[in-house]
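The first residue in the sequence is number 1, and the count goes up from there.
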Amino acid sequence: MRVTVVELPATWGEPERALAEVDAILAAGPATDLVLLPETSLTGYVSPALDFDLTRFAEPLDGATAQALADLARKHHTHLFGPLVLAEGGHMYNTTIGFAPTGRHVATYRKRHPWIPETWASAGREPYPLFTIAGRTVTIACCYDVHFLADDAAGALDRADVLLFPSAWVEQVSTRLRRLERLAREHHLAIVAANWGRGRDLAVHGQGDSAILNATGDQLARVTPPARRADAELT
């Protein structure tokens, strides 16, 4: 299975522009079986004025953003997983949603552990999903979830072959890749980790270093700016 991480720069309030950039990045090739976008990378995670409230971007599962992601999955004939600020049942969720090459919905993951500034987001209650792509069992966790996976996701990680890990990481000295490398070794699963990149108006510690790891924690590929994607074959 060939997988791709896309590292979009931090932006704010320009989802159409971000979607157009994803389209261009995928069109530049090569073809891939699975693509992962970073956490809240279409709307932005935080504004240059440090506004973390994403409720203005909230949409239903069948809204414009989900439709645009499904259209891109069909256009590029890939499984595409991207972010959605989900409005559902009177709550807002930091969500990752995935679509098959046919545009069929594959999975929806509502982030179980929103980070402290994500006061707009309710915690997802569903277990970490398990689904199959190209004969591989895949699951999803998002950013701050990494601190809780040992307690509430060990079973899913042990059953999975691949973990999709979108993030908008913030840390003075980033430990994200080290944590993921250890997680890959402990659960013997590959990790596809798409992190937000440095933006023109928002650059913070922890951005960058999107990577693809194999089941022994070795890096198969890593985004090196000005590139916006990295590709690897999971064997």
Side-chain angles (χ1 to χ4, degrees), residues 4-26 35-61 63-72 80-88 91-99 108-124 140-146 164-172 174 176 192-211 223 225-230:
T4 298
V5 288
V6 173
E7 185 174 290
L8 293 176
T11 58
W12 180 253
E14 298 180 297
E16 294 85 2
R17 179 178 176 181
L19 285 162
E21 184 168 1
V22 172
D23 188 15
I25 290 169
L26 297 184
V35 177
L36 179 65
L37 309 182
E39 178 186 17
T40 62
S41 55
L42 301 181
T43 59
Y45 184 80
V46 57
S47 78
L50 301 184
D51 180 1
F52 285 87
D53 185 0
L54 305 189
T55 56
R56 74 199 73 180
F57 304 122
E59 299 178 17
L61 273 176
T65 296
Q67 185 59 59
L69 290 170
D71 290 344
L72 284 175
L80 177 61
F81 291 81
L84 175 67
V85 179
L86 174 61
E88 184 179 68
H91 297 277
M92 309 289 176
Y93 298 96
N94 184 342
T95 301
T96 300
I97 190 167
F99 296 93
T108 298
Y109 171 65
R110 299 160 185 83
K111 188 176 181 182
R112 287 174 57 89
H113 300 281
W115 189 39
I116 297 164
E118 293 175 47
T119 56
W120 60 271
S122 296
I140 308 172
C142 183
C143 204
Y144 198 58
D145 286 334
V146 76
L164 305 184
F165 190 79
S167 59
W169 197 265
V170 180
E171 194 173 30
Q172 187 74 24
S174 182
R176 183 179 58 90
V192 182
N195 192 34
W196 64 340
R198 296 173 69 85
R200 181 184 60 190
D201 299 318
L202 183 65
V204 300
H205 294 288
Q207 291 172 323
D209 291 336
S210 300
V223 174
R228 291 298 183 195
R229 67 182 281 174

Heavy-atom distance under 4.5 Å between the side chains of [X] and [Y], does that happen here?
| X | Y | answer |
| --- | --- | --- |
| Pro9 | Gln207 | no |
| Leu69 | Leu19 | yes |
| Met92 | Leu54 | no |
| Lys111 | Cys143 | yes |
| Arg198 | Pro225 | no |

Which value, rounded to the nearest 0.5 Å, describes the distance between [X] atom [atom1] and [Y] atom [atom2]?
| X | Y | atom1 | atom2 | answer |
| --- | --- | --- | --- | --- |
| Cys142 | Leu164 | SG | CG | 11.0 Å |
| Leu26 | Leu37 | CG | CG | 7.5 Å |
| Arg229 | Ile25 | CZ | CD1 | 8.0 Å |
| Leu42 | Thr11 | CG | OG1 | 8.0 Å |

Please confirm whether the backbone N or O of [Y] pairs with a side-chain atom of [X], one donor and one acceptor, at under 3.5 Å?
| X | Y | answer |
| --- | --- | --- |
| Asn195 | Gly208 | yes |
| Thr95 | Arg110 | no |
| Glu59 | Thr65 | yes |
| Glu171 | Gly206 | no |
| Glu7 | Val223 | no |
| Arg176 | Trp169 | no |

Where do [X] and [Y] come nearest, in terms of heavy atoms and distance?
| X | Y | result |
| --- | --- | --- |
| Pro38 | Pro83 | O-CG, 3.5 Å |
| Val5 | Ala194 | CG1-N, 4.0 Å |
| Leu86 | Pro60 | CD1-C, 3.9 Å |
| Pro114 | Ala121 | CG-O, 3.9 Å |

- Item | Pair Val192-Phe81, side-chain contact (heavy atoms from CB on, under 4.5 Å): steps then yes or no | CA-CA 11 Å; Val192 182; Phe81 291 81; over 6 Å; no
- Message: Out of the candidates His113, Arg112, Glu118, only one should pair with Asn94 under the side-chain hydrogen bond (donor to acceptor under 3.5 Å, both in side chains) rule; please name it.
- Response: Glu118
- Would you mind telling me which of Phe57, Phe52, Tyr45, Trp196 makes a ring-ring contact (aromatic ring centres under 6.0 Å, His included) with Trp12? Phe57
- Query: Near Arg56 CZ, under 6.0 Å, is it more than 12 heavy atoms from other residues, nucleotides or ligands?
  - Reply: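 Counting other residues, nucleotides and ligands, CZ of Arg56 exceeds 12 neighbours.
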- Message: side-chain contact (heavy atoms from CB on, under 4.5 Å), that's the test. Do Thr40 and Val46 meet it? Break it down for me.
- Response: CA-CA 9 Å; Thr40 62; Val46 57; over 6 Å; no
- Message: Ignoring hydrogens and geometry beyond distance, is a side-chain donor-acceptor pair present between Asp145 and Tyr109 at under 3.5 Å?
- Response: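 Note: Asp145 and Tyr109 side chains meet the donor-acceptor criterion.
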